[in-house]
Amino acid sequence: MPDKLKSALIKFAKTFLPLLFGLFIFWLIFRKMDFREIMSILRQDVNFWFIALSLPFGLIANIIRAYRWDLLIRPLGFTPRKSNLVYAVLGNYGVNLVFPRLGEVWRCTMITRYEKIPFTKLFGTLITDRLADTVMVGLIVVAAFIMNVPYFDSFFAQHPEAFDTFNKIMTSAWMYTTIVIIGLLIWGFYKLFKNHPWVKKTKHMLASVWEGIRSIVNMKERRLFIFYTILIWLGYFLYFYICFYAFPFTKNLGWNCGLIAFGMSSVAVAVPVQGSIGPWHAMVIAVLMGFGVSSIDAGAFAFCVHTVQQLIFTASFGLFGVLALPIANKGK
């Protein structure tokens, strides 16, 4: 097979297979729902002013994310322009809507191009950035679990197979054996080929990435970093939860339900699918139905909020970021 054709097939698979997976899950969820009824709910029962009110919180949270990224970059000895960081972070989400997870690479590439900061060091700060988010998602899920133990007891009682599957994975000797074998293979490969140019280059790259990760240790403004992180996730929560007041069947569910749905939807975002189509809907619908919302109402909520916030609003400010970067740096 020619190299160009092989490369094209790989790119096609990376782009469209995740999308097909997400659309398949979306189809599984909505195949038995009457879309005419969903559209009737959206036309008659939704207060779109509340959805409009939610949108600035998502945008502000992403702008703060750019300022938090700046705190990670400065200990490396660079002072990038905040406007470039904001455009890159906003554009990151637009790129991810087309190519899942490529947005992170894209934003590092753009800052490397316009601010002359080594890519590997930027990528290290990005790993730290994502680790902070992972910790926050974990804390949100744990908080939601602690404050809503009866809900989760009821869920696992109705779906015992979910707990059984998780328990089998965590207690499987095969899983830990596989981890050990992979670790030994990597160590053996390194010992055998440590003088190979490719291995040396990889080692140098990992050292640069580690330097970026350590930037949080050398950060003088760690409290500000934590404060920004809290603000980002508070903004994301309000971005999601305010939409509860747009629907008559969710406005009285309370913030506890909102916290669970938000936490589960944040976990779904980790699935590498464009715009989290499918997994996001599945999580939100499952939580709402657990609180007594009918499947058709839960489907209408998930479809409306995801379409407005992810497929329209995120795409809009993402496209703005992608276009603003070269315009703001014209001639560089």
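Keep in mind the model is a prediction, meaning the values are calculated, not measured.
For Asn329 (side chain) and Leu325 (main-chain N/O), a donor-acceptor pair under 3.5 Å exists by modelled atom type. For Lys116 (side chain) and Arg113 (main-chain N/O), a donor-acceptor pair under 3.5 Å exists by modelled atom type. Put simply, the side chain of Thr314 gets close to the backbone of Gln309: a donor and an acceptor are under 3.5 Å apart. The closest donor-acceptor contact from the side chain of Ser40 to the backbone of Arg36 lies at 3.5 Å or more, if one exists at all. Distance alone, capped at 3.5 Å, is enough to place a donor-acceptor pair between the Asn96 side chain and the Gly103 backbone.
Defined by atom type and a distance below 3.5 Å, a donor-acceptor pair is missing between the side-chain atoms of Tyr245 and Asn47. Donor-acceptor pairing under 3.5 Å is recorded for the side chains of Thr229 and Arg68.
A ring-centre distance under 6.0 Å is not found for Phe237 and Phe57. In this structure, Phe303 has its ring center no closer than 6.0 Å to that of His281. A ring-centre distance under 6.0 Å is not found for Phe50 and Phe244. For Phe240 and Tyr236, the ring centers sit 6.0 Å or farther from each other.
Using a 4.5 Å cut-off on side-chain heavy atoms (C-beta onward), Tyr241 and Leu259 make no contact. Side chains of Phe225 and Leu72 form a contact here, defined as non-hydrogen atoms less than 4.5 Å apart.
When every heavy atom of Cys304 is checked against every heavy atom of Phe48, the shortest pair comes out as SG-CE2, 3.7 Å. When all heavy atoms of Cys108 and Leu122 are compared, the pair lying nearest together is O-CD1, 3.4 Å.
Ionic pairing of Asp70 and Arg65 is not present here: no N-O contact between side-chain nitrogen and carboxylate oxygen is shorter than 4.0 angstrom. The residues Arg130 and Glu104 are annotated as salt-bridged, a charged nitrogen and a carboxylate oxygen being separated by less than 4.0 angstrom.
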